[in-house]
Peer 1: 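Take a look at the following structure, please.
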Amino acid sequence: MTQPAQLDGTDNSPVALVTAGASGIGLEIARTLLEGGYRVHICDVDQAAVERFAVEHDLASGSCCDVSRTTQVERMFEDFKQSHGKLNVLVNNAGISGPTARVEDIAPDDWDRTIAVGLNGAFYVSRLAVPLLKAAGGGSIINIASSAALFGFPLRSPYAAAKWALIGFTKTLAMELGPSGIRVNAICPGSVSGSRIDAVISRDAKARGKSEQEIRDTWTRQTSLRCFVEPQDIAAMAAFLVSPAGARISGQALGVDGHTESLSSPLD
C-alpha cells in the first residue's frame with residue numbers, strides 16, 4: 001500500500017475509491033474528485049503508477065490490485081481501511097478491451113479474462129464497498145460501462161457482453177441499495193482518446209484488413225457529433241453524479257459519447 005503521511009482518516013472530507021485509477025479515465029476521475037475535496041484511494045495493477053499517483057497527489061493513497069482476484073480485492077480493502085475510516089463514493093472503472101476477433105476465433109481464456117476484469121471485478125469490489133457505504137449513511141456507486149453496452153459490437157463480443165451485464169448489475173444494485181441512500185449509475189463512454197483506444201483501433205484494423213485511419217474515421221462517423229470523447233468528459237460526468245446536483249439520479253446508463261448512432265460496421 002502507498003499512503004502519504006498526511007492521511008490519517010480523521011478529517012471530515014468525503015472519501016472515494018477508484019479502481020484502475022492510475023491511468024486513463026480512472027486517473028482523470030481520481031484527479032477530479034481530489035480537486036473537488038475528496039480523499040481518494042486508487043487501485044491498479046501497475047504498482048509503479050500507483051506509487052507515483054500517491055506521491056504526486058495530496059490526500060491520495062493507493063494499492064496494487066487485480067480486481068479479478070478476490071484475495072487481492074480483500075487485501076486492497078484492508079489497505080483502504082488503514083487509510084480511511086469511511087467510504088462515500090465507489091467508481092468501478094477497471095476493465096480491459098479484450099480480443100478483437102470473430103466469436104469462433106476467440107480463445108476461452110481471452111473471453112474469461114475480459115469478463116473477469118470488466119464484470120466480476122465490479123462485483124468483487126462492490127460487495128465489500130457496500131457495507132462501508134451503508135455505514136456512511138449512503139453514497140454513490142458509478143460503474144464505467146461503454147456505448148458498447150447499448151449496441152451490438154461485431155468482433156468484440158466479450159467486451160460487449162461484459163458491458164451489457166454491467167448495466168444490469170447497475171440497475172439491480174440501484175434497486176437494492178436505494179432504500180439505504182446509495183445511488184448507482186453507469187457512465188457509458190464512447191471512444192475515448194488515448195493509448196488504449198489507439199491499441200484497439202490497431203487490432204480492429206488488422207482484423208478487418210483495413211487501415212487504422214479508416215477504422216478511426218468509421219468510428220467517428222458513428223457519432224452524431226463526429227468526435228471521440230476525452231477522459232475529462234467522463235470525469236466531469238462522474239463529478240456531477242456524486243455532487244448534490246445528482247442526488248436524485250440513480251439506476252441510469254448515461255452516455256458520454258457524442259451520441260453513438262451505431263457500432264455496426266461491415267466485417268469484410
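Atom set for the values below is all heavy atoms of this structure, side chains included, hydrogens, waters and symmetry mates excluded. Not measured: the values here are computed from a predicted model.
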Peer 1: Quick check against the 3.5 Å criterion: does D204 have a side-chain atom that pairs as donor or acceptor with the backbone of I215?
Peer 2: no
Peer 1: Is the CZ atom of R113 crowded by more than 12 outside heavy atoms at less than 6.0 Å?
Peer 2: yes
Peer 1: Quick one, C65 with R75, criterion side chain to side chain contact (heavy atoms under 4.5 Å, CB included). Give me CA distance, side-chain angles, the key distance, then yes/no.
Peer 2: CA-CA 8 Å; C65 176; R75 186 165 59 248; over 6 Å; no
Peer 1: Please walk me through it: do S147 and D257 pass side chain to side chain donor-acceptor pair (under 3.5 Å)?
Peer 2: CA-CA 7 Å; S147 56; D257 59 354; 4.8 Å; no
Peer 1: Rounded to the nearest 0.5 Å, what separates atom SG in C64 from atom CD in Q72?
Peer 2: 7.0 Å
Peer 1: Which distance, rounded to the nearest 0.5 Å, do you find between the NE2 of H57 and the CG of L33?
Peer 2: 11.5 Å
Peer 1: With no hydrogens and no angle check, is any side-chain donor or acceptor of R183 less than 3.5 Å from a backbone partner on L241?
Peer 2: yes
Peer 1: Determine whether a donor-acceptor pair (N or O, by modelled atom type, separation under 3.5 Å) exists between the side chain of T19 and the backbone of A94.
Peer 2: yes
Peer 1: Would you say the side-chain atoms of R156 pair up with the backbone N or O of S97, donor to acceptor, closer than 3.5 Å?
Peer 2: yes
Peer 1: Is there a path of hydrophobic side-chain contacts, each under 4.5 Å between heavy atoms of I/L/V/M/F/W/Y residues, joining V192 to F240?
Peer 2: yes
Peer 1: Side-chain contact, heavy-atom cut-off 4.5 Å: V67 with C43?
Peer 2: yes
Peer 1: Nearest 0.5 angstrom please: F77 CZ to Q82 CD, how far?
Peer 2: 13.5 Å
Peer 1: CG of L173 to NZ of K171: how many Å apart, nearest 0.5 Å?
Peer 2: 12.0 Å
Peer 1: Side-chain donor-acceptor contacts of residues 119-134 below 3.5 Å, not counting sequence neighbours, with atom names and distances?
Peer 2:
residue : atom : partner : partner atom : Å
S126    : OG   : N92     : ND2          : 3.0
S126    : OG   : A122    : O            : 2.7

Peer 1: Once rounded to the nearest 0.5 Å, what's the spacing between atom CD of E214 and atom CD1 of I201?
Peer 2: 12.5 Å
Peer 1: Between F228 and W219, how do the two ring planes meet: parallel, tilted or perpendicular, split at 30° and 60°?
Peer 2: tilted
Peer 1: Would the distance check show the side chain of N143 and the main-chain N or O of A186 forming a donor-acceptor pair, the cut-off being under 3.5 Å?
Peer 2: no
Peer 1: Using 4.0 Å as the upper bound for N to carboxylate O, is an ion pair formed by D198 and R216?
Peer 2: yes
Peer 1: Determine, using the 4.5 Å side-chain heavy-atom cutoff (strictly less than), whether L225 and F151 are members of one ILVMFWY cluster.
Peer 2: no
Peer 1: Please determine whether residues V45 and F80 belong to a single hydrophobic cluster, defined as Ile, Leu, Val, Met, Phe, Trp and Tyr linked transitively by side-chain heavy-atom distances below 4.5 Å.
Peer 2: no
Peer 1: Do the non-hydrogen side-chain atoms of S23 and D46 ever get within less than 4.5 Å of each other?
Peer 2: no
Peer 1: Does I167 reach the side chain of C188, with side-chain heavy atoms less than 4.5 Å apart?
Peer 2: yes
Peer 1: Kindly indicate whether the side chain of V18, heavy atoms from C-beta on, has any atom under 4.5 Å from the side chain of F53.
Peer 2: no
Peer 1: Locate the shortest heavy-atom distance separating R39 from S83; write the atom from each residue and the value.
Peer 2: NH1-O, 3.8 Å
Peer 1: Measure the shortest side-chain to side-chain distance between T218 and K210 over non-hydrogen atoms and say whether it is less than 4.5 angstrom.
Peer 2: no
Peer 1: Are I142 and I29 packed together at the side-chain level, in the sense that at least one heavy-atom pair is separated by less than 4.5 angstrom?
Peer 2: no
Peer 1: Hey, is the main chain of V15 close enough, under 3.5 Å, to the side chain of N88 for a donor-acceptor pair?
Peer 2: yes
Peer 1: Going by heavy atoms in the side chains, are R102 and L155 under 4.5 Å from each other?
Peer 2: yes
Peer 1: Restricting to non-hydrogen atoms, name the atom on C227 and the atom on G258 that form the minimum distance, rounded to 0.1 Å.
Peer 2: SG-CA, 4.1 Å
Peer 1: Any luck finding a side-chain donor-acceptor pair between Q47 and E51 under 3.5 Å?
Peer 2: yes
Peer 1: Any donor and acceptor pair, going by atom type alone, linking the side chain of S243 with main-chain N or O of A245 inside 3.5 Å?
Peer 2: yes
Peer 1: Rounded to the nearest 0.5 Å, how far does NE2 of H259 lie from CZ of R226?
Peer 2: 11.0 Å
Peer 1: Looking only at heavy atoms, which two atoms of V242 and Y38 are closest? And how far apart?
Peer 2: CG2-OH, 3.6 Å
Peer 1: What are the two closest non-hydrogen atoms of A145 and Y159, and how far apart are they?
Peer 2: O-OH, 4.4 Å
Peer 1: With sequence neighbours excluded, tell me which residues meet salt bridge (Lys or Arg N to Asp or Glu O under 4.0 Å) with D217.
Peer 2: none
Peer 1: Does one hydrophobic cluster hold both L254 and W164, with members joined at side-chain heavy-atom distances below 4.5 Å?
Peer 2: no
Peer 1: To check you understand the geometry: which heavy-atom pair defines the closest contact between T114 and G98, and what is its length?
Peer 2: OG1-CA, 3.3 Å
Peer 1: Taking side-chain contact (heavy atoms from CB on, under 4.5 Å) as the test, write out the residues that go with T172, two or more places apart.
Peer 2: E176
Peer 1: Kindly indicate whether the side chain of I234, heavy atoms from C-beta on, has any atom under 4.5 Å from the side chain of N93.
Peer 2: no
Peer 1: Identify the two heavy atoms, one from S61 and one from H41, that lie closest to each other, and give their separation to 0.1 Å.
Peer 2: OG-ND1, 2.6 Å
